[in-house]
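Reading through the structure tokens given below for one structure.
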Amino acid sequence: MPVGTQGTLKGITPEQLECLGCQIMLNNTYHLGLRPGQELLDVCGGAHVFQGWNRNLLTDSGGFQMVSLLKLAEITEQGVQFESPHDGSLMLLTPEHSMSLQNSIGADIMMQLDDVVSSLTTGSRVEEAMWRSIRWLDRCIKAHKKPETQNLFAIIQGGLDIELRKKCVEEMVKRDTPGYAIGGLSGGEEKDKFWRIVTLCTDLLPREKPIYCMGVGYAEDLVVCVALGVDMFDCVFPTRTARFGNALTAKGTLSLRQAKYKDDFKPIEEGCGCIACTSYTRAYLHTVVTKETVGCHLISIHNTSYQLRLMRQIRQSIIEDRFPQFIREFFKDLFVEKTAYPEWAVNALRSVNVDLLK
Amino acid sequence: MSPLTFNIIRQSTQLPAARRGTVVMATHASSSSSSSSSTSDKEPVESTSNCTKRVIETPGCFMYSVKGSVPHLTPDTLRLQGLDFILLCDIRDWSHYTKLPPNSDRYISMMTHQGVRQLTLEEYFKIVRAYEPDIIATFADSISDLDQLHPPLSVNDGGGGQLVEPAGHGLKRVRKSVDRSLKWLDLILRERQGFDAMAEDRMLEEFKKKIKKEKDQSTTTSNISSSNSSNVGIVAGSNDRLQNGVDQVMQETKNLNLEGASTLEIKQLQQQQQEGKPTKRPWMNVSVFAHVVGAQLEQERIRSAQETANRQGVDGFIIDTLTLSGSKEQVLSLLKVSIDHLPAEKPRLVYGMQTPEDVLKSVALGADLFDTSYPFQLTEDGKASMFSFGTPSITTTTTSSSTDNKTSMNKRWINLWDDEHSDKFIPLLEGCECYSCKGGRHTRAYLNHLLKAHEMLATVLLMSHNMHQYSEFFANVRQSIQDNTFEQHSALFVQTFGTEPERTSQIHVAQAEVEAALARRSRLNGDSDDDVHGAKSTTIAAQEKKLQKEKMREARRAKHKEEGLKKRINKKEMTSEKSQEELKEHEALEESGEKL
């Protein structure tokens with residue numbers, strides 16, 4: 001799911017996104033709540049109408065901002081008090097308020113407000129956050145005004161502690177939400193710990209419900225997590241790195257700002273059907289990237305196209321029952337040498353009977 | 001021989017100079033480049049066997065592009081405008097005036113993203129052959145009285161009220177600029193036909209180097225006067241000048257007792273010149289538009305226009321009004337002087353006439369082609385154009401904010417930064433068929449939000465809209481010339497929409513707030529705004545720092561380059577003194593050596 005935080009995918013039009021085959025996009029409740037604000041969204045009929053997006057939307061609760069803007073936030077049982085970075089005013093984000101905002105935004109999938117702690121945090125804070133998230137989930141379910149049209153997902157917390165995670169899953173599954181997310185990861189923790197938590201959750205969560213791993217990520221992360229049982233992802237990485245002139249391909253990242261692309265007359269990626277690859281060469285993009293907004297847009301489109309295509313290929317290979325083969329080919333393309341394969345990925349895949357080093 | 005033809009379809013009966021026409025580009029063997037380019041509005045491509053015909057309807061405009069792309073518009077968004085591509089290349093940016101260091105006989109100064117550069121004719125030819133644009137603009141010794149005033153200036157400031165009356169360029173300098181531009185034009189036209197126009201120049205340069213080398217090594221004292229030694233400032237061009245240059249070189253070689261072989265080479269070259277055999281590939285698919293200069297002096301403008309028009313092989317003319325100082329009326333009268341002395345049957349491209357009323361006035365004088373700097377400027381300001389020509393403007397809610405008189409009085413555009421648009425869920429312009437407005441997909445409220453959220457989509461949508469509206473404007477102008485209603489509609493336009501308020505560097509209040517908030521936030525955080533689930537935000541921050549460092553490094557490099565070039569220019573004047581000094585030094589060393 002590409003991330004269009006403020007009601008837009010940073011320079012890409014909704015039509016362009018549709019052309020890429022994108023079915024669902026992410027918006028951020030915190031930001032949309034500040035601007036344009038709840039009232040305006042109610043007037044116009046929700047974020048779909050507001051940004052001209054006719055397909056699906058998923059909204060984050062605003063909870064992650066707690067971690068990223070922690071210097072300005074105070075967390076209590078009631079909710080999260082932010083000091084707005086825009087104008088310094090105080091904003092209290094309670095589960096009820098988050099639900100209300102998300103109802104106004106009208107996304108097809110909503111996320112509960114959870115008490116997020118950084119995955120690097122240790123100690124009792126982690127447990128406190130886990131229990132509070134469960135309590136907030138109950139408050140969210142109660143405050144959710146449109147359960148027939150909007151799906152509320154629960155978010156599993158518990159940090160990197162196996163027992164806490166187990167407990168959290170056990171409790172949240174009782175609430176029987178339409179889907180579940182694995183939260184509190186992708187905060188810079190060791191990858192080897194990361195995958196173990198992911199696989200733990202996917203083992204325990206109900207099979208017939210979608211599982212969404214938040215904040216993932218890089219291409220290899222996506223592939224591994226799918227192997228572990230995850231269904232949905234979101235990440236700002238492809239669009240953000242595009243703005244720095246980095247193009248993602250199956251063979252690795254091209255830093256198009258580098259002089260070596262000055263006379264490289266190939267498209268970014270052979271076989272990619274996006275507008276950047278069908279119209280321009282790397283050499284041309286080298287001249288405009290980071291200098292003109294068009295360069296930004298083109299790489300963003302390509303990176304989004306790349307990720308969506310990757311997921312399409314994954315789906316197809318699962319349907320055709322050749323997913324393990326796909327994984328092996330994918331890693332070979334990306335890393336070339338078996339010695340370069342990240343150890344955590346090898347371990348993770350081994351745990352589901354895919355041997356990368358064969 | 002030229003791929004470009006111009007046909008006048010209709011001359012206006014009311015304003016006899018205004019005309020409706022078509023510029024037809026017939027190019028052979030598609031050069032399918034993957035880069036897009038400056039464009040003009042027209043009908044789709046029709047290809048007949050090997051030859052593709054592309055038509056520009058005039059009055060019309062070329063789309064302003066930077067680095068081969070129209071600002072903010074990716075090719076798919078661009079194509080939705082219903083346009084096709086014809087490429088015109090010029091050396092300087094014609095959307096706004098920039099002060100640049102003066103030109104010389106051998107080069108003109110130009111601005112690149114890495115700073116100022118000197119472009120020689122030799123390099124220019126290489127570029128033309130590599131790019132193969134449909135139309136190339138000639139080298140022009142563009143001088144401006146605006147140079148004398150405090151830089152940088154926007155076009156509308158043109159002279160400013162509070163500044164001292166500029167001294168202006170004198171007759172001598174203006175004459176030189178006309179002569180230079182003509183000389184360059186002649187060289188370009190020769191190169192175009194397949195002659196190696198820079199051959200003599202190159203050879204003379206080589207000889208100059210040889211001579212200098214010989215002089216440095218020579219131990220015999222010679223009676224070379226310092227003025228003759230290396231200031232052989234020849235511009236290979238007209239034959240008598242060449243002859244002078246050659247004579248000087250011959251003299252030098254005699255003085256230094258060089259081998260007779262070198263003089264033989266020169267003689268051979270001269271012979272080749274007389275025989276007139278092209279040695280290179282002529283420009284098959286490239287047309288030439290010649291700049292017509294003359295600064296503020298009427299007589300020189302006339303001379304430039306007439307002389308340029310006399311040259312064989314010029315396909316069109318460019319009159320650059322960006323460099324002209326004075327009031328709008330003064331500038332228009334200078335434009336008129338030039339156009340009046342240009343042949344009717346060739347198209348005229350005008351730079352610097354950007355606002356709709358300026359376009360109308362210029363069309364009335366006989367201009368055919370313009371550029372799209374105006375819609376680009378509107379977009380950068382957060383404005384969406386509302387004006388129309390000919391057809392009555394669809395009533396829209398006029399801005400009623402009393403805070404800023406300038407923006408509220410006219411109906412020609414709305415500023416999407418204005419708060420009043422924040423809850424208007426209507427398209428930018430009702431009935432507009434542009435990408436942003438069509439089907440009511442995007443609203444004023446959304447645009448207002450995008451601007452305040454500092455999102456790039458704002459400029460994409462605004463650019464689409466403004467470009468489309470500008471195209472429509474031109475289409476309507478063409479129609480009114482066809483229907484003989486041009487004069488009425490022009491008057492009606494000025495009545496309804498007034499004149500463009502002066503564009504200042506002041507930004508909208510709301511924009512200032514947003515930028516201040518962003519600055520504040522980046523000081524507090526370091527993470528960027530859209531950190532939903534930021535993966536590796538620390539490395540992103542590091543990347544951003546790296547980027548900043550790079551930018552600073554580039555700026556430093558550009559500065560050094562500029563200084564280095566300046567030194568080289570000064571060096572030329574100093575070498576005469578230096579060579580004498582060196583000679584003395586050399587002699588001194590010799591003496592001391594002998595003594596030892």
Side-chain angles (χ1 to χ4, degrees), chain A residues 3 5-16 19 26 28 31 35-36 40 43-44 49-52 60 64-65 68-69 71-72 85-87 186 188 214-218 234-237 240-241 244 257 267 275-276 279-281 284 287-288 290-298 301, chain B residues 33-36 66-77 80 113 422-423 425 435-436 439-443 445-446 448-450 452-461 464 513-514 517 520-521 524-525 527-538 540 543-544 546-547 550-551:
Chain A
V3 179
T5 307
Q6 300 193 89
T8 159
L9 204 85
K10 292 261 184 298
I12 303 181
T13 65
E15 293 88 344
Q16 286 173 322
C19 280
L26 215 115
N28 189 275
H31 289 287
R35 205 173 37 199
L40 224 56
V43 165
C44 80
V49 175
F50 186 64
Q51 61 198 300
D60 174 14
F64 183 73
Q65 268 63 35
S68 60
L69 303 172
K71 309 158 210 149
L72 308 168
H86 295 289
D87 54 5
S186 287
M214 308 180 90
V216 176
Y218 299 127
D234 79 274
C235 195
V236 293
F237 175 67
R240 185 180 287 171
T241 203
F244 290 107
R257 286 173 54 234
I275 194 78
S279 311
Y280 299 114
T281 59
Y284 176 71
T287 62
V288 286
T290 73
K291 300 207 179 74
E292 293 293 318
T293 58
V294 182
C296 209
H297 301 326
L298 289 168
I301 290 175
Chain B
S33 65
S34 45
S35 60
S36 81
V66 180
K67 290 181 177 294
S69 288
V70 174
H72 311 308
L73 299 182
T74 50
D76 50 343
T77 323
L80 289 170
H113 74 270
S422 62
D423 57 355
F425 293 100
Y435 183 69
S436 315
R441 186 151 190 176
H442 297 299
T443 60
Y446 187 48
N448 177 267
H449 162 76
L450 290 173
K452 293 205 288 231
H454 206 253
E455 286 287 341
M456 282 188 283
L457 189 58
T459 44
V460 175
L461 295 177
S464 303
E513 274 175 25
V514 168
R520 216 182 307 137
R521 193 185 321 152
L524 287 170
N525 293 346
D527 291 45
S528 87
D529 184 33
D530 64 347
D531 221 340
V532 178
H533 300 285
K536 285 199 179 171
S537 48
T538 41
I540 301 294
Q543 258 187 315
E544 280 173 310
K546 233 174 139 193
L547 202 71
E550 274 253 54
K551 279 195 183 150

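Chain A is the first sequence line, chain B the second, and so forth, proteins listed ahead of strands; every chain is numbered from 1.
Not counting sequence neighbours, B/Glu513 has no partner by the salt bridge (charged side-chain N to carboxylate O under 4.0 Å, His left out) test. In terms of the side-chain contact (heavy atoms from CB on, under 4.5 Å) criterion, residue partners of A/Val43 (sequence neighbours excluded) are, by chain and number, B/Phe425.
Taking CD1 of A/Ile275 as the start and CG of B/Asp76 as the end, the distance is 4.0 Å to the nearest 0.5 Å. Summarising the geometry, atom CG belonging to B/Leu457 is positioned 9.5 Å from atom CD belonging to A/Gln51; distances are rounded to the nearest 0.5 Å. If you take OG1 on A/Thr293 and CE on B/Met456, they are separated by 7.5 Å, rounding to the nearest 0.5 Å.
The candidate from B/Val66, B/Thr443, B/Leu461 with the greatest count of non-hydrogen atom pairs under 4.5 Å with chain A is B/Val66. Most heavy-atom pairs under 4.5 Å with chain B: of the set A/Thr287, A/Thr290, A/Thr13, this distinction falls to A/Thr13.
Of the two parts of B/His442, only the side chain, counted from C-beta on, holds a non-hydrogen atom closer than 4.5 Å to a non-hydrogen atom of chain A. In this structure, no portion of A/Cys19 lies under 4.5 Å from any heavy atom of chain B. Of the atoms belonging to A/Leu9, not a single heavy atom falls under 4.5 Å from chain B. Using a 4.5 Å cut-off between heavy atoms, A/Glu292 touches chain B through its side chain atoms alone. Residue contact with chain B, scored on non-hydrogen atoms closer than 4.5 Å, involves the backbone and the side chain of A/Pro14 alike.
Heavy atoms of other residues, nucleotides or ligands lying less than 6.0 angstrom from NE2 of B/His113 number more than 12.
Inter-residue side-chain proximity for A/Val294 and B/Leu73 is flagged as unmet; no heavy-atom pair is nearer than 4.5 Å. Residues A/Thr8 and B/His449 are not in side-chain contact: their nearest non-hydrogen atoms beyond the backbone lie 4.5 Å or more apart. B/Asp423 is not listed as a side-chain neighbour of A/Pro36, based on a closest heavy-atom distance of 4.5 Å or more.
Across every non-hydrogen atom of B/Pro75 and A/Leu298, the tightest pair is CD-CD2, 4.1 Å. Listed here is the closest heavy atom pair of B/His72 and A/His297: O-CD2, 3.6 Å. B/Tyr435 and A/Glu15 get closest at one heavy-atom pair: OH-OE1, 3.2 Å.
Of the possible donor and acceptor atoms, none in the side chain of B/Tyr446 sits under 3.5 Å from a partner among the backbone N and O of A/Gly52.
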